[in-house]
Asker: 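The structure that follows is given in the form of structure tokens.
In what follows, every chain begins at residue 1, and chains take the letters A, B, ... in the order their sequences are listed.
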Amino acid sequence: MDEVAIYAFQIGFAFAILILISLGLAVIFGMMRVINLAQGEFLMLGAYFCTLITQSGVNLWLAFLLSGLAVGVFGIIVEVVIIRWLYGRILDTLLATWGLSLFLVGGVTTLFGPQSESVAAPLGRFSVGVYGISQYSLVVIAVALALLAGTYALWRYTRFGLVVRGTMQNPTMAAGLGIRTWLVYMLTFGFGSALTGLAGAVLAPIVGAAPPMGVFFIGKAFITVIAGGQMPLLGTISASGLFGTIDGVVSYISSSVVGEMGMLFVAIILLRLLPLGITGRLKRGI
Amino acid sequence: MALRVLGLTAPSKKPQPWWWGVVALLALFVFTIPLYLDVAELYSISNFLVLAILALSMSFLWGYGGMLSFGQTAFFGLGGYTYAVLALNTGETTSALLIAVLLPMIFAAILGYFMIYGRISDIYFSVITLVVTLILEKGIRATSGDQYVIGSVRLNGQNGIPTTPSLQLPWDAKAQLDIADVFYVAAGLLFVTYIGLRLLLLTRFGRILVSIKENERRSELLGYDTRRYKWLAFVIAGGIAGLAGAMWGIWGNFVGPNMFNLNQAAQVVIWVIVGGKSTLIGPIGGTVAVQYLTDWLGTQGVGQVSLILGIILMVMVLLFQQGLLPSAGIIAAFAKDRLGLTRRGRAS
Amino acid sequence: MSEDVVLETRDLEKRFGGVRAIAGVSFKLRRGELRCLIGPNGAGKSTFFKMLTAQLRPTAGQILFEGADITKLHAHQIGRLGIGIKNQVPDVYDGLTVHENLWLAASAEAKPTAARAKVDEVMARLELGPLAERLVGELAHGQRQWVEFGMVTAREPKIILLDEPTAGMSVEETNRTAQLILEANKSATIVVVEHDMQFIRQIARYVTVFHQGAILAEDTMANIQANQTVKDVYLGKSGSA
Ligand SMILES: Nc1ncnc2c1ncn2[C@@H]1O[C@H](COP(=O)(O)OP(=O)(O)O)[C@@H](O)[C@H]1O
Ligand SMILES: [Mg+2]
């Protein structure tokens with residue numbers, strides 16, 4: 001029984017991590033067909049921001065929100081300075097954001113040094129039979145679900161969400177209806193960045209903040225988003241569910257590296273069968 | 001247009017006679033370098049030559065096959081490790097070098113089958129190749145335990161294999177090549193790869209490959225199974241990257257997980273972008289220039305190299321689409337036009 | 001009339017989201033025919049051609065070539081079987097020379113020497129000789145259309161599908177294109193999508209009319225011109241009818 005519970009927890013936790021690291025990427029990709037190769041560094045920025053402000057006395061929970069906000073603003077700047085000039089040139093956008101990624105790693109190392117900064121994980125541990133589980137892991141799972149629900153609600157029930165979905169379906173028609181698509185793109189990029197920054201902050205108590213931390217996560221994030229296909233929410237949820245199960249189980253039995261290799265292996269085979277990802281064939285939806 | 005101004009010919013054009021002359025002169029020049037440079041300089045130039053082979057693998061694939069692989073370093077690292085492990089196990093380097101080309105080709109064949117026959121989109125192709133090299137790096141880094149042994153060789157995780165042997169003469173295992181010899185081998189292989197690719201692009205295969213890059217649907221409608229040509233190009237490029245990896249191991253007597261890593265992968269892209277992907281010679285120049293710059297920055301201790309590389313990459317993509325060399329060509333063409341030096345217009 | 005059917009579709013259908021662009025087309029083409037396909041914009045002509053050449057997958061229905069089901073084949077397999085197409089939008093290798101464009105077409109099937117001979121022959125026939133080394137992207141619109149026409153014929157297909165081959169051409173160029181099509185018809189079955197009635201009268205014996213994704217009428221040119229339903233469909237476009 002404990003065994004089952006611990007597996008369920010492992011899978012749930014792996015699922016939550018995948019949601020956290022890829023949701024922002026998926027929102028941007030689903031909306032703008034842009035893959036932000038600096039996704040990992042946006043996570044890192046969130047983690048750094050959170051670490052630095054908590055070290056100077058800000059409450060951790062508040063710091064999460066502020067980190068999301070800060071990285072969101074940074075994302076908007078990036079959109080205006082780089083992304084905007086490359087619309088329709090998808091591969092160039094990849095290259096430019098890769099440059100951004102190198103730049104951010106180099107920049108943060110220059111500013112804060114190569115060592116890792118840490119925040120103490122709040123809350124304690126509880127046990128399931130012989131196994132110990134940190135309560136903070138449950139917070140991570142809760143935050144992941146909350147972000148999913150929040151994104152869904154924003155997309156589904158607000159005017160902004162309606163405009164975004166309209167633009168996603170048919171940018172030309174949206175522009176014809178007087179929607180300022182440039183603004184929609186800018187805000188979407190900002191929103192995706194904010195989700196990523198918040199995720200980075202939430203991860204900080206677990207992994208700390210260090211310049212190369214982005215690289216640690218991006219492999220998984222890219223696999224999840226690509227396998228998920230164009231629909232940001234359904235794609236991320238289904239891919240995270242699939243890969244979270246693989247990652248959780250394999251990592252638990254073997255090691256996290258093997259878990260990640262297993263994910264890649266399944267993703268490549270999946271793409272042979274569904275070249276557009278799990279949600280590639282579905283025409284509508286978010 | 002820009003290329004014509006610089007006297008460079010488009011792909012799948014028979015090289016002019018003078019091209020062979022230029023290549024021969026270049027070869028002559030490169031092969032006399034050891035006569036007047038010291039060992040340390042020779043050593044670092046050999047590195048450029050080896051890395052230029054890696055750049056060729058990518059620029060062939062991108063510039064002529066239209067496939068932007070971010071993960072040529074996967075084959076580079078694989079080639080290096082294959083060479084090191086085999087050479088140390090067998091004590092024989094010639095066959096190790098050959099297999100270090102073959103194994104990455106086989107890996108590319110399998111990976112390419114899934115990606116190219118699945119017809120995944122360009123962006124997925126780029127990202128998946130990147131993820132492959134990242135995860136290989138992680139895999140190799142995780143092999144620090146004693147249990148990770150192939151034959152008699154420990155993989156050593158983070159630390160790599162610092163006992164990678166230099167090349168021997170095929171007929172005499174005791175004759176290890178010294179630094180100058182390795183220079184000659186690297187230069188020779190670079191020339192062979194360059195000329196080989198240049199000639200390959202003139203063959204039926206090469207011309208069809210270029211046509212696919214130009215307009216894949218048209219090639220399909222004409223009856224070409226474009227997937228097969230792209231797949232073959234991917235396999236060939238994998239072999240070339242593997243060769244570069246093995247030579248890099250031979251050059252530094254070392255292979256390590258950094259061969260796969262994100263910075264290394266980014267550098268390959270930057271070499272090709274700086275050199276321009278529309279020629280094969282450009283990326284060779286790009287490799288030497290960028291690598292020289294990063295080496296120099298390293299010795300100056302002016303902070304983070306990746307900071308500079310990131311700026312170069314962003315600036316190149318945003319401002320110099322065609323690469324520096326072709327961009328110079330465009331500027332030259334513009335200047336010529338303005339100064340009224342050409343009256344011929346666009347006539348060929 | 002003998003029933004040597006070379007191409008047939010059965011209840012072919014294509015949906016784009018909710019739109020039925022092709023709504024159940026059953027179409028037969030006899031060997032050696034020169035068929036014209038007409039119909040107002042948006043009738044589904046281009047979509048129909050694209051399904052025949054596997055550029056689009058049908059939502060339902062069947063395509064048969066010489067009696068064999070080819071519905072599920074890939075585009076390159078269709079090309080190899082001998083169905084060539086000139087799409088509505090010029091679809092050539094803009095970055096390559098005229099000679100290379102034709103060479104690529106000819107080499108798809110023929111051995112190297114035969115391919116070279118074929119290229120020379122096509123260049124002579126289309127009078128493209130002086131342009132051989134020009135990049136196709138630098139040519140005028142009409143010339144690019146001919147290059148594409150040359151590519152399609154160099155492949156020596158059994159069936160040639162031409163989607164608006166005279167669009168943007170001068171009267172003189174259009175007449176010349178008509179001659180080229182009649183010539184190509186000596187060795188291949190041809191279907192031409194056109195709007196220019198003058199042009200259609202010049203070449204066609206048999207005409208199929210598409211309307212809203214379905215076949216509205218199929219008859220000789222004379223009968224089609226007298227057909228009241230067809231006239232209604234083209235109402236307001238009487239200038240071209
Ligand atoms: N890729 C597509 N996606 C959605 N609708 C399409 C697409 N291609 C064509 N259509 C629609 O299908 C219908 C038929 O178009 P088309 O075949 O181009 O007509 P024609 O060539 O007869 O002018 C039109 O209503 C058009 O809007
Ligand atoms: Mg049409």
Asker: Evaluate the side-chain proximity of B:Phe114 to A:Leu271: yes if any heavy-atom separation is below 4.5 Å, no if none is.
Answerer: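 They are not in side-chain contact.
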Asker: Mind checking whether A:Thr167 and A:Tyr185 have side chains closer than 4.5 Å, heavy atoms only?
Answerer: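 They are in contact (side-chain heavy atoms under 4.5 Å apart), so the answer is yes.
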Asker: Under a 4.5 Å heavy-atom cutoff, which of A:Met263, A:Arg89, A:Lys220 has the most pairs with chain B?
Answerer: A:Arg89
Asker: Taking all atoms of both residues into account, what is the closest heavy-atom pair of A:Phe112 and A:Glu117, and its distance?
Answerer: O-OE2, 4.4 Å
Asker: If I measure from the heavy atoms of chain A, does B:Ile116 come under 4.5 Å with its side chain, its backbone, both, or neither?
Answerer: neither
Asker: Check whether any side-chain heavy atom of B:Leu130 lies under 4.5 Å from a side-chain heavy atom of A:Leu37, and answer yes or no.
Answerer: yes
Asker: Any Lys/Arg nitrogen of B:Arg141 or A:Glu260 sitting under 4.0 Å from an Asp/Glu carboxylate oxygen of the other?
Answerer: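 Between A:Glu260 and B:Arg141 there is no salt bridge, as every charged N stays at least 4.0 Å from the carboxylate O atoms.
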Asker: Which region of B:Val315, side chain (C-beta onward) or backbone (N, CA, C, O), has a non-hydrogen atom less than 4.5 Å from a non-hydrogen atom of chain A, or is it both or neither?
Answerer: neither
Asker: When heavy-atom pairs shorter than 4.5 Å are enumerated against chain B, which of A:Val105, A:Thr97, A:Ile35 gives the highest number?
Answerer: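 Of the options given, most contacts go to A:Ile35.
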Asker: Is A:Phe29 in contact with chain B via its backbone, its side chain, both, or neither, using a 4.5 Å heavy-atom distance?
Answerer: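 A:Phe29 touches chain B through side-chain heavy atoms alone.
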Asker: Non-hydrogen atoms of chain A under 4.5 Å away: do they reach the side chain of B:Leu68, the backbone, both or neither?
Answerer: side chain
Asker: With a cut-off of 6.0 Å (strictly less than), are more than 12 heavy atoms of other residues, nucleotides or ligands near CZ of A:Phe103?
Answerer: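 For A:Phe103, atom CZ is not crowded (no more than 12 foreign heavy atoms under 6.0 Å).
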Asker: So which part of B:Leu134 gets closer than 4.5 Å to some heavy atom of chain A, the side chain, the backbone, both or neither?
Answerer: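 For B:Leu134, the side chain is the part near chain A, not the backbone.
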Asker: Can you tell me which portion of A:Leu86 sits under 4.5 Å from chain B's heavy atoms? Options are side chain, backbone, both or neither.
Answerer: side chain
Asker: Would a distance-only check, ignoring hydrogens and angles, find a side-chain to backbone donor-acceptor pair under 3.5 Å from A:Trp85 to A:Val80?
Answerer: yes
Asker: Most heavy-atom pairs under 4.5 angstrom with chain A, which of B:Leu309, B:Ile123, B:Asp122?
Answerer: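 The option with the most such pairs is B:Ile123.
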Asker: Tell me, out of A:Gly107, A:Gly99, A:Ser101, A:Ala267, who's got the most heavy-atom pairs with chain B below 4.5 Å.
Answerer: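 The answer is A:Gly99.
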Asker: Who among A:Ile226, A:Leu91, A:Val257 has the most heavy-atom pairs with chain B under 4.5 Å?
Answerer: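 The residue among A:Ile226, A:Leu91, A:Val257 with the greatest pair count is A:Ile226.
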Asker: Is it the side chain or the backbone of B:Leu111 that comes within 4.5 Å of chain A heavy atoms, both, or neither?
Answerer: side chain
Asker: Take B:Ile273 and B:Trp62 through the side-chain contact (heavy atoms from CB on, under 4.5 Å) test and state the conclusion after the steps.
Answerer: CA-CA 10 Å; B:Ile273 290 197; B:Trp62 186 15; 3.7 Å; yes
Asker: Of the listed residues (A:Ile90, A:Thr93, A:Leu264, A:Val215), which shares the most heavy-atom pairs with chain B below a 4.5 Å separation?
Answerer: A:Leu264
Asker: Do B:Thr226 and B:Ser219 meet the criterion of a side-chain donor-acceptor pair at a distance under 3.5 Å?
Answerer: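 No, no side-chain donor-acceptor contact under 3.5 Å.
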Asker: May I ask you to name which of B:Ala142, B:Gly118, B:Ser126 has the most heavy-atom pairs under 4.5 Å with chain A?
Answerer: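 Winner by heavy-atom pair count: B:Gly118.
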